[in-house]
Number of protein chains: 2
Amino acid sequence: MNGKQKMDTSDKIMMAAIDLMAEKGYNGVTTQEIAEKAGYSEKTLFRHFKSKQNLLESAFNRYHYAEEMKILFQSKIQYDLQSDLLMISRNYQNIMYCNRKLILISSKDGGNLPSFHERTHKHPQQLKELLTEYFKQMMHKGKIIQTDPEINALAFIYMNFGAAMGRINADPMLQNIPFEKFIEEEVQLFTRALLP
Amino acid sequence: MNGKQKMDTSDKIMMAAIDLMAEKGYNGVTTQEIAEKAGYSEKTLFRHFKSKQNLLESAFNRYHYAEEMKILFQSKIQYDLQSDLLMISRNYQNIMYCNRKLILISSKDGGNLPSFHERTHKHPQQLKELLTEYFKQMMHKGKIIQTDPEINALAFIYMNFGAAMGRINADPMLQNIPFEKFIEEEVQLFTRALLP
DNA sequence: TAAGACCGTCAGTACTTACTGTCATTTTGA
DNA sequence: TCAAAATGACAGTAAGTACTGACGGTCTTA
């Protein structure tokens with residue numbers, strides 16, 4: 001097989017699948033529709049993927065963007081509250097935006113597709129632990145006030161999660177505000193709340 | 001028709017439909033399954049609802065809990081930041097929790113079901129406007145610092161939205177923390193950030 | 001030019017599923 | 001106790017859908 005040619009076809013089909021499934025859900029889209037959107041016949045779709053489920057799994061593996069938060073924490077933390085939170089928030093939002101369509105599919109059909117939910121819920125858990133540990137250290141250094149570090153981490157994550165979902169769903173509430181500005185102000189709000 | 005008896009049957013079927021659709025999505029559940037879960041035959045389901053779509057719409061109308069945020073603001077605001085935010089947050093979380101299954105259905109199949117997305121996105125928009133206006137007034141009274149009231153409103157809503165989604169999806173991150181405590185701390189964090 | 005990789009068309013299979021019709025049975029209320 | 005209402009059992013229809021097989025065409029490459 002040529003490789004390049006086949007890769008192009010597979011890619012087009014996978015992207016079409018992601019687009020349509022993000023919009024209408026796994027069960028809301030037919031293999032016929034996916035093939036048509038990709039510009040191929042349904043037969044070709046099944047020549048490249050052995051089943052509809054296999055198509056989704058392949059697409060997920062191919063286009064799932066995962067950045068290791070742990071490395072980020074180890075390498076870029078400066079123990080300056082504002083710049084650290086800004087760095088974390090920007091990276092989180094970047095990951096969420098890169099994976100936005102997979103996130104939509106996961107939120108629609110996560111219950112049905114087995115390995116899906118697991119992989120989309122491992123990262124947040126890790127982030128919470130890293131962030132909790134970070135707040136603990138900052139408290140120990142006397143750089144932030146004494147508060148529950150776990151709850152602070154949760155609040156920060158949930159605020160970022162809410163904003164990410166708003167952006168993904170094109171929330172009209174966000175229309176008038178540049179997203180980057182929202183992130184900066186959100187971080188500043190947190191900073192004011194936690195600085196001694 | 002008796003009315004009472006039929007209402008019981010209809011209710012059971014609607015609740016079964018909501019339960020299953022919240023779990024597996026509109027297209028992931030069959031009328032057969034719904035009827036069985038409700039304890040009736042599929043035929044009876046179609047005697048009470050003319051179609052699957054009609055069943056969902058009826059269930060939505062019957063069980064959609066809508067509290068007027070506007071009235072809440074008009075009657076219960078005291079212009080004390082901490083108690084006001086706590087009241088707003090508790091009410092918001094209450095509405096989200098009452099509608100949790102409908103919210104799940106809406107997030108899965110909102111794209112397909114026409115009138116759905118509209119009705120689940122009108123309230124947040126109104127809340128944002130009320131909250132923005134509230135922060136403006138608080139700034140004018142000198143009770144909070146000078147910041148962008150719209151962004152503050154957004155941040156507060158998104159943090160609450162994120163937490164609500166976490167609770168709805170039984171997020172393991174929330175396991176160790178009583179939800180009410182999280183709400184209180186979250187409000188306190190906001191209060192510290194905005195008080196002069 | 002010949003072989004092979006890739007694709008389209010079309011017909012078709014097997015299964016699911018929303019929805020209906022018929023008739024008998026049970027439940028309910030006056 | 002009787003009539004009406006509600007339900008179940010079962011068979012069946014029509015449409016949709018994932019997936020396959022057979023054949024022929026086109027394009028690249030050696």
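Keep in mind that what you see is a predicted model, and the values were worked out from it rather than measured. As a basis for the values below, the full set of heavy atoms in this structure was taken, side chains included, without hydrogen atoms, waters or symmetry mates. Reminder, nothing fancy here: chain letters follow the sequence lines and each chain counts from 1.
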Original post:
Should the pair B:Lys136-B:Glu150 be classified as a salt bridge under the 4.0 Å nitrogen-to-oxygen rule?
Top reply: no

Original post:
What string of B, S and - do you get for nucleotides 10-24 of chain D, 5' to 3', if B is base contact, S is sugar-phosphate-only contact and - is no contact with any protein heavy atom under 4.0 Å?
Top reply: -------SSB-B---

Acceptor/donor pairs from residues 100-108 of chain B side chains to any protein atom, 3.5 angstrom cut, sequence neighbours excluded:
{"unit_1": "B:Arg100", "atom_1": "NH1", "unit_2": "B:Tyr97", "atom_2": "O", "d": "2.8"}
{"unit_1": "B:Lys101", "atom_1": "NZ", "unit_2": "B:Asp19", "atom_2": "OD1", "d": "2.6"}
{"unit_1": "B:Ser106", "atom_1": "OG", "unit_2": "B:Thr120", "atom_2": "OG1", "d": "3.3"}
{"unit_1": "B:Ser107", "atom_1": "OG", "unit_2": "B:Leu104", "atom_2": "O", "d": "3.0"}

**OP:** Kindly say if A:His48 contacts the phosphate of C:dC7, meaning a side-chain N or O under 4.0 Å from OP1 or OP2.
**Re:** yes

Original post:
Who passes side chain to side chain contact (heavy atoms under 4.5 Å, CB included) against A:Glu67, sequence neighbours left out?
Top reply: A:Tyr65, A:Leu72, A:Asn91, A:Ile95

Subject >> Integer-rounded Å distance: C:dC7 P and A:Glu36 CD >> reply: 17 Å

Subject >> Non-hydrogen side-chain atoms of B:Arg192 and A:Leu194 separated by less than 4.5 Å >> reply: yes

**OP:** Using atom CG of B:Asp8 as one end and atom P of D:dA6 as the other, report the distance to the nearest whole Å.
**Re:** 12 Å

Original post:
For A:Ser41, which contact category applies under a 4.0 Å heavy-atom criterion: base, sugar-phosphate, or nothing?
Top reply: base

Subject >> A:Thr44 vs C:dC6: side-chain N/O to OP1/OP2 distance below 4.0 Å >> reply: no

Subject >> Minimal non-hydrogen separation, B:Phe46 against B:Ser51, with atom names >> reply: CE2-CA, 4.2 Å

Subject >> Interatomic distance, B:Tyr40 OH vs C:dT26 P [rounded to whole Å] >> reply: 17 Å

**OP:** Mark yes or no: A:Lys143 above the aromatic ring of A:Tyr79, with NZ or CZ under 6.0 Å from the six-membered ring centre and no more than 45 degrees from the axis.
**Re:** no

